[in-house]
Each structure stands twice: as C-alpha cells, then as structure tokens.
Amino acid sequence: MNLEQTRGEALKPADIMQTSIETRVSDLVRLGIIALFAYWSFRLVAPFALIVIWSAILAIAMFPLHQMLARALGNRPVISATIIVVACLLLVIAPLSLVAVNFADAAQALIARLKTDNFALPSAPQGIREWPVVGERVYAAWNQIASNLAASITKFQAPLREIAGVVVTKLASIGAGLLGFIVSVVLSGFLMTTGERMSAIVSALANRVAGDRGVGFAKLAATTVRNVSRGVIGVAFLQTLLCGLCFVIFDLPARGALTFAVFILCVMQIGPGLVLIPAIIWAWFSWPVSTSLAFTLIATPITLLDNVLKPLLMARGLTTPMPVILIGVIGGTLSYGLLGLFLGPIVLSVFYELLRSWAWPSPKDDGPANGVEGDDIVDQTDTC
C-alpha cells in the first residue's frame, strides 16, 4: 500500500507539468485567435480611423458647450448637438465656398482672355535685376516668357504637365480630407448626444486594462484635448480674428492672404509675429507717422496675446508641466499635422504621468487622475 502511494506521489509532478503545458497551449491558442480577430477588425476600420479619431476629439472638445446649450434649451441634447454641428459646418464650408467662387471667377476670366488672344504677361520690373546671384537670370527669363508666351508654354510643356499633375493630386487630397472632416463633424454630433454612455464605456475599458489608473489616464486625455482646443485653436482663432479686423481697419493690401497666414502660423505655434512684424516695418516706410504708430500700438498686443492666454488655458485643471504640453503640441504638429496637435500632448502627458508614478511612487498616488485638480475631474474630464 505504501509502495502504491509512493508511485502515485511520484507521478503527480509529471501530471502537474502536463496540465500546465496544456493550459499554456490553450492560452496561446486563445490569444492567437483574439489577435487574429483584432487584426482583421483593425483592417476593416482602418479606412475610417482618422474620421473616428477626429470625431472623438471634436466631441470631447465641444462637450462642455453642448451641455451648457442643452441646459439652456430645456435639456434637449439632440437639438443642442444639431445646432453645434450646423454651426461648425457653416464655419468650415462658408470660407471654402468663398475661396472656390473667387478661384472659379479668376479661372473663367483667364480662360476668356486666352480665347481672345489678348492675354500677355507684363514686363519684368527693373528691381529684379538688382537681386543677388539670380537677379539677371530671373529678369531675362521673365521677359522671354512675356514676349512669347505661346512658345514658352510649348517649350516648358513637360515640366508644366508634371506641376499640373502634382497640383491636381494635392487638390484631390485636400478635397478628400475636407470631406472626411465634414463627416467627422457630423459624427461628433452623434457622440455628443450619447456622451454619458460613451464616457461609461471608455471608463469601463480603461478600468479593465489598467484599473483605476487607466480611468485616470482616460480623464487626463480628455482634459488635455479640451485644454489644447482652448489654448491652441481658440487662441489661434482669436488672434486671427483680431488681425483680420486690424488689417481691414488699416486697409492693408492682401489682407485675406495675410489673415490666413496668421491662422496657420498660430496653429503651428509660431505666432503671428512673422506676419505682423514685417507689416509694422512696411507701415513705417509707407504710411504717415500717426497711422503707423496707431497700427503698431494695436498689432503689438495682438502679437503677444498668446503668451498670456495660452499658459492660462492649456494648464487649467492639470498638474502636467506646461513645457511637456507645449512640446507635445509642437512635436505632434510637425510629425502628424493637425491631428498631431491633439495626439502629441495626450501621448506626452500620459507618458509623463506613467514616468512620474514609476519613478516617484507614493501611497497617495492612485493614478494620473491626481494630475487633474480636485472636483474638476467630474466636470472637465468626461471622456466624451
């Protein structure tokens, strides 16, 4: 009897090892199946990923406005979301429609002049000859093209065709991006109407992945999106509006192009100084002293406005250092364009909180939710 017990006990480790191997193989098979379905699912939704990300960013950024408007309308979230979506579409479509109409009018006038054979380029200004290194060449090429436009077009037919192909490709890409952005705006309206449900789903997924710390990261991401939308896009719109009004009041030439350049520079975190400072210098050489002084006194505060508002708006409700957010904004914009404007600070903020929690752990540190001040978590960091 003792011998049989000894043999049974000797077989137990082998049985345990066999069971352990079978369990691991089963786990690997399950993980493989899950990974396969995850890969297929990613391939299916990849064409729509950019639209979904943009719609989520827009919904998060505009959700406080949606809540305020819904309360003002008597708790009607659908009407509130519809008003916001229509306003955003008008804000996007109206300027582009004006640009398209102006471009069509200019193209029609050019085609009409070409048909009547009355189209001719003006002669090159004499000042071009004074340009260093390339002045004489540019002057001679300009006059050659102006004197015989048809022959010049025939001569440069191949490079002109390549340039036209590139322009058409870029215009098609811009058109596709604009269409995707419009769809994102419409989809963000649906996300805003289901904000509480989407917030609960995201919180549940984050809790499943990383517990309370994951929920904190989700809240941190939402707060960062709102701060960036206020501190970057909001300040850029404000500076662009003020610059446009200033250009209209002082009747600056090419004020439409200058205003658009100001907006692009503000979004890229360069600021309006690259446009306003040369404009101020030009004003002092071209206008009377009183007009130049008035333009300088108005343009200088506009140039420095982002230095005051941006730190206040972007750091609101966060303990993440301001340099981390700014580096994320600039690096994300340079790496991934306008979408990186939001993804950059989110990634760096989450990574900073992870690094801080790992390097300086403390018993009171329950996660990155501590990076959001006090009761602002509930009001400001809903994930949708």
Side-chain angles (χ1 to χ4, degrees), residues 22-63 81 85 88-89 92 165-166 168-211 213-226 228-229 233 267 328-329 331-351 353-354 368 382-384:
E22 292 178 356
T23 302
R24 292 180 181 180
V25 171
S26 300
D27 292 340
L28 289 176
V29 171
R30 293 192 189 98
L31 290 175
I33 294 173
I34 293 173
L36 180 61
F37 276 96
Y39 173 74
W40 278 347
S41 300
F42 175 77
R43 291 295 300 270
L44 291 174
V45 302
F48 312 100
L50 189 61
I51 295 176
V52 173
I53 293 173
W54 263 120
S55 61
I57 290 174
L58 293 173
I60 292 171
M62 295 185 296
F63 192 68
V85 168
C88 291
L89 291 178
V92 172
V166 173
V168 171
T169 303
K170 292 296 183 182
L171 290 176
S173 176
I174 292 173
L178 177 61
L179 181 61
F181 186 77
I182 291 174
V183 175
S184 299
V185 172
V186 176
L187 183 58
S188 68
F190 291 99
L191 294 179
M192 283 187 289
T193 57
T194 59
E196 295 181 359
R197 189 186 309 167
M198 296 300 298
S199 175
I201 292 173
V202 173
S203 298
L205 291 175
N207 184 58
R208 184 68 175 174
V209 172
R213 193 176 296 274
V215 177
F217 284 137
K219 294 178 179 180
L220 176 65
T223 305
T224 305
V225 167
R226 289 185 188 146
V228 170
S229 63
I233 304 299
V267 171
V329 168
T333 304
L334 294 177
S335 300
Y336 301 103
L338 189 58
L339 185 62
L341 181 71
F342 297 93
L343 296 183
I346 290 174
V347 172
L348 278 189
S349 297
V350 172
F351 177 72
E353 293 296 337
L354 281 172
D382 295 326
T383 51
C384 187

Worksheet item: What distance do Met192 atom CE and Ser55 atom OG have between them, rounded to the nearest 0.5 Å?
Response: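 Here the interatomic distance stands at 10.0 Å.
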
Please list, one pair per line, the donor and acceptor atoms closer than 3.5 Å that link side chains of residues 182-191 to other protein atoms, with sequence neighbours excluded.
| from | atom 1 | to | atom 2 | distance (Å) |
| --- | --- | --- | --- | --- |
| Ser184 | OG | Ile51 | O | 3.2 |
| Ser184 | OG | Gly180 | O | 2.9 |
| Ser188 | OG | Val185 | O | 2.5 |

Discussion item. Are the side chains of Met62 and Cys88 in contact, using a 4.5 Å heavy-atom criterion?
Written reply: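 Sidechains of Met62 and Cys88: in contact.
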
Side-chain polar contacts of residues 36-50 - donor-acceptor pairs under 3.5 angstrom, sequence neighbours left out - could you list them?
| from | atom 1 | to | atom 2 | distance (Å) |
| --- | --- | --- | --- | --- |
| Tyr39 | OH | Arg43 | NH1 | 2.8 |
| Ser41 | OG | Phe37 | O | 2.7 |

Discussion item. If the condition is side-chain contact (heavy atoms from CB on, under 4.5 Å), which residues does Arg30 pass it with, not counting sequence neighbours?
Written reply: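 Arg30 satisfies side-chain contact (heavy atoms from CB on, under 4.5 Å) with Ser26, Asp27 only.
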
Fill in: Exercise: identify the closest heavy-atom pair between Ala222 and Ile60
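Nearest pair, atom of Ala222 first, then Ile60: O-CG2, 3.6 Å.
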
Practice prompt. Specify the closest pair of heavy atoms between Arg226 and Ala61, including all atoms of both residues, with the distance to one decimal.
Written response: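 It is CG-CA, 4.1 Å.
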
Discussion item. Tell me which pairs pass salt bridge (Lys or Arg N to Asp or Glu O under 4.0 Å) where either residue lies in residues 32-41, with sequence neighbours left out.
Written reply: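 Of all non-adjacent pairs touching residues 32-41, none passes salt bridge (Lys or Arg N to Asp or Glu O under 4.0 Å).
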
